[in-house]
Amino acid sequence: HADHLSFASEGGMKRKRAEGKTIPGPLRPLLARPLVEIDAAAVQLWVVRETKSRPARALLGFRLLRAFLNWCAESDAYRAIARPDACKGKRTREKLGKPAAKSDALQREQLAPWFAAVRADGNPVAAAYLQTLLLTGARREELAGLRWVDVDFQWKSLRIRDKVEGERIIPLTPYVAHLLSWLPHRDRNPYVFTSTAAASGRLQEARPNHVRALKVAGLPHVTLHGLRRSFGTLSEWVEVPVGIVAQIQGHKPSAIAEKHYRVRPLDLLRLWHERIEAWLLEQAGIDFRPKEDEKPALRIVSTA
């Protein structure tokens, strides 16, 4: 939804983080036309123009436009004037090409400098977020939206708001529990990864912190989603069953057996997840030995 609004925006609004005004969204020239005039020829001209300067954005914009026209075709109000076939031209799709599969991920020998640089970040919330992102394999937004009610220190579990299944329960591993227990628990703020600067009250953008850490560590560029990819890739060193990793990360089951004949309890996931975490910390040179009788204590911070 945010992408639709951004790509269709008129522009001319005052920028939030910089001087000047925003520019029109990539789809604005098309959407400024009457709906009946958004046909195959108009879409093809738009694709030719956009792919010259920003091919990746053109591909995303094309998909958003196709979704919009299909929605119009199913609406009683716009069905008679919508042209859903405008995005079906073979030449147009060939011009856009296919997105290349991304492969950015941390290698085993890169874990030590990565952890060292991230842990040295001056923002403890961002540092904890980035480490948890790698150690859980979660999507960046679903982890950023984690609330304290989703964290169970007693039964060692995390409830993740999943974009696929709605939500999933994954183990709260020892080191992640240690990281979260040191985060400020602000009254009237339900989020785990808080931000006093953001209107939402939660961490909005940890990318600058990650880019800075990569530069300090002398590592090549890895996206935040690349940390999720790293979890899945590095778990193979521990010979974890693929289905276990997929369930922790929230991937859809890819086989009949996974869909109908595998019901894994949280304890089984925890057995393997803790092995993954222990191995990652060992490769990073972090000597972490959790105490069984030590219960995490949250720091309550008043926002008054």
Side-chain angles (χ1 to χ4, degrees), residues 1-105 139-142 144-145 161-166 198-200 204-208 210-211 221-229 250-252 254:
H1 182 245
D3 283 338
H4 277 278
L5 294 178
S6 173
F7 273 65
S9 65
E10 296 183 15
M13 302 294 291
K14 184 179 179 181
R15 294 184 182 274
K16 295 181 179 179
R17 298 183 180 179
E19 296 181 357
K21 296 183 178 181
T22 59
I23 62 174
L27 284 174
R28 192 63 201 172
L30 271 178
L31 298 181
R33 305 163 66 104
L35 185 58
V36 71
E37 293 184 11
I38 304 179
D39 54 13
V43 172
Q44 186 174 357
L45 287 174
W46 177 85
V47 167
V48 170
R49 183 175 64 252
E50 289 296 318
T51 51
K52 290 180 180 179
S53 57
R54 40 188 179 184
R57 299 286 284 175
L59 181 58
L60 176 57
F62 177 80
R63 290 174 174 174
L64 295 173
L65 177 66
R66 182 174 57 191
F68 166 69
L69 292 178
N70 288 336
W71 176 83
C72 288
E74 295 176 357
S75 171
D76 294 336
Y78 306 112
R79 182 181 302 153
I81 55 176
R83 308 286 292 272
D85 59 341
C87 295
K88 293 184 178 179
K90 184 178 180 181
R91 291 183 180 179
T92 301
R93 288 184 280 110
E94 288 177 348
K95 183 68 177 178
L96 287 166
K98 295 182 179 180
K102 296 182 179 179
S103 59
D104 61 303
R139 300 175 181 89
R140 61 184 183 89
E141 278 300 307
E142 63 187 17
R161 310 294 177 177
D162 195 318
K163 76 170 188 177
V164 178
E165 301 294 341
S200 64
Q204 291 293 321
E205 186 60 87
R207 189 179 304 146
H210 193 222
V211 171
H221 179 67
V222 177
T223 62
L224 294 185
H225 193 78
L227 297 180
R228 174 174 164 84
R229 190 177 296 111
H251 285 301
K252 284 186 176 180
S254 57

Minimum-distance pair of heavy atoms, taken over all atoms of [X] and [Y]:
{"X": "Ala73", "Y": "Ala82", "result": "N-CB, 4.1 Å"}
{"X": "Glu142", "Y": "Arg228", "result": "OE2-NH1, 4.4 Å"}
{"X": "Leu31", "Y": "Ala8", "result": "CD1-CB, 3.4 Å"}
{"X": "Ile38", "Y": "Leu30", "result": "CD1-O, 3.5 Å"}
{"X": "Arg139", "Y": "Gly250", "result": "NH2-O, 3.2 Å"}

Kindly indicate whether the side chain of [X], heavy atoms from C-beta on, has any atom under 4.5 Å from the side chain of [Y].
{"X": "Phe62", "Y": "Arg93", "answer": "yes"}
{"X": "Arg83", "Y": "Val43", "answer": "no"}
{"X": "Leu224", "Y": "His210", "answer": "yes"}
{"X": "Ser9", "Y": "Thr22", "answer": "no"}
{"X": "Leu35", "Y": "Phe68", "answer": "yes"}
{"X": "Arg140", "Y": "His225", "answer": "no"}

Quick check for you: to the nearest 0.5 Å, what is the distance between [X] atom [atom1] and [Y] atom [atom2]?
{"X": "Asn70", "Y": "Ser75", "atom1": "CG", "atom2": "OG", "answer": "12.5 Å"}
{"X": "Leu69", "Y": "Leu64", "atom1": "CG", "atom2": "CG", "answer": "11.0 Å"}
{"X": "Arg33", "Y": "Arg28", "atom1": "CZ", "atom2": "CZ", "answer": "13.0 Å"}
{"X": "His1", "Y": "Asp3", "atom1": "NE2", "atom2": "CG", "answer": "10.5 Å"}
{"X": "His4", "Y": "Leu65", "atom1": "NE2", "atom2": "CG", "answer": "9.5 Å"}
{"X": "Ile81", "Y": "Glu37", "atom1": "CD1", "atom2": "CD", "answer": "11.0 Å"}

(message) Within a 6.0 Å radius of atom CZ on Arg91, are there more than 12 heavy atoms belonging to other residues, nucleotides or ligands?
(response)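 No.
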
(message) Tell me if the CD atom of Glu10 is crowded by more than 12 foreign heavy atoms within 6.0 Å.
(response)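 Not buried by this count: 12 neighbours or fewer within 6.0 Å.
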
(message) Do the side chains of Glu205 and Arg207 get close enough for a salt bridge, i.e. N-O under 4.0 angstrom?
(response)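 Yes, charged N to carboxylate O under 4.0 Å.
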
(request) Could you tell me whether the side chain of Thr51 and the main chain of Val47 form a donor-acceptor pair under 3.5 Å? (result)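 Checked: pair present.
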
